Amino acid sequence: MLISLGVVSSISVKSSIKRSLNHHLMLAGIVSRNIDYMLETNLTRLFDLSSSGKINLKDRDWGPEDKALKAAYEYSIFTDKVFILDSHGNVLRSYPQKGGENTNMLSNPYVSKALTEKGPVISDVYTLMPTKRQVVYAFVPLKDSEGETIGLAGGEINPTNYLFSRIIETVSPGSDMCLELIDSHGIILSSNKPERILTYCDHNEYIGSLIMQRKSMVGTCHRCHMQETDSSRTEDMLAFSPLSIAPWGIAIREPQKLVFSPATSLRNVFVILGVIYIVTALVLAIGLSRSIVKPVQSLISA
């Protein structure tokens, strides 16, 4: 009975732990897919600049381009501005116009990457100098009527955009759960703990490597940078799911004792049942031995 109880309890506890881990990994995947969908929808607005047929960088008539930029800007995630670049990285037009024209963005590594790869690119958090303003860029190839790439259509995203926060808030994480959107350099774009936004996350290099590998994972880690002393460090469960559109990922961190509390309760129940079985077996053994041994002893004496 004890052996069978031990086998059943071990299988049940492991199954409970596996379900808890898979639940957090699935939750991270759902949030990452929602953000992917939002980014993909807004990238489509930039692609529409090429497909609109209104872009002609040679005629120097910017009326059609300005209208197309305004249409791409409205109701989009590009709350700072949208703009078009030529093949040399020069900013030709932007909306709204903030004096950013006649500048060259070729030194921006994400501009160079988009021009080289001729595909959509979403950046990590990028710091503009000398203002030190932090932005996120999105770039797509800009093509003429003949399908030739003549530059880029781009947009600026505020890293603290409320749409990211709204997606995270829909999950309604508990007070002890930390749910964060992180770029490949470990900078937190959005979090259910506002004080951590635009700071570096714990284990940023490890998370950065997961993003580069497009690899999901679930495991344990220490909340080493969120505690003041080493003695107060807690062991957490970390679930991570990368995005497919941007070099970002969703990390969910929660104290391990809370994640595994159902398994711990189940284990305690089996321990209590085991103790009851042992006590019952001892009582039965003593009772049976007395009921058998005492008459035999009486028979021997007779």
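FYI, side chains are in, hydrogens and waters are out, and symmetry mates aren't considered; it's all heavy atoms of this structure. Note that the coordinates shown come from a computational prediction; the quantities given were computed from them, not determined experimentally.
In this structure, the side chains of K143 and E148 stay at 4.5 Å or more apart for every pair of heavy atoms.
Taking 4.0 Å as the cut-off between side-chain N and carboxylate O, E180 and R196 count as a salt-bridged pair.
Side-chain heavy-atom separations under 4.5 angstrom define the hydrophobic clusters, and the remaining members of the one that includes M212 are I182, I188, Y206, I207, L210, I211, M217, L238, F240. Taking Ile, Leu, Val, Met, Phe, Trp and Tyr as hydrophobic and joining them when side-chain heavy atoms fall under 4.5 Å apart, one finds I272 in a cluster with I276.
Evaluation of the side chain to side chain donor-acceptor pair (under 3.5 Å) rule for T44 yields no partner, not counting sequence neighbours. Residues meeting the ring pair (Phe, Tyr, Trp, His ring centres under 6.0 Å) test with F164, sequence neighbours left out: W248. Judged as a salt bridge (charged side-chain N to carboxylate O under 4.0 Å, His left out), and not counting sequence neighbours, D86 has no contacts. Under the side chain to side chain donor-acceptor pair (under 3.5 Å) criterion, T280 pairs with no residue, sequence neighbours left out. Scanning for side chain to side chain donor-acceptor pair (under 3.5 Å) contacts around N42 gives an empty result, with sequence neighbours left out. For R133, the salt bridge (charged side-chain N to carboxylate O under 4.0 Å, His left out) partners are D80, E156, not counting sequence neighbours. Legend: residues meeting side chain to side chain donor-acceptor pair (under 3.5 Å) with N22, ordered by chain and number and at least two apart, are absent.
Every pair tested for salt bridge (Lys or Arg N to Asp or Glu O under 4.0 Å) that includes a residue from residues 32-47 fails, sequence neighbours excluded, so the list is empty. Under the salt bridge (Lys or Arg N to Asp or Glu O under 4.0 Å) criterion, the residue pairs touching residues 64-76 are D66-R93, with sequence neighbours excluded.
Geometric assessment of K113 against the ring of Y110 yields a negative cation-pi assignment under the 6.0 Å and 45° thresholds.
Between the side chain of T149 and the main chain of G151, no donor-acceptor pair closer than 3.5 Å is present.
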Report, one line per pair, each donor and acceptor closer than 3.5 Å where one atom sits in a side chain of residues 292-302; sequence neighbours left out.
from : atom 1 : to   : atom 2 : distance (Å)
S298 : OG     : K294 : O      : 3.1
S301 : OG     : Q297 : O      : 3.0

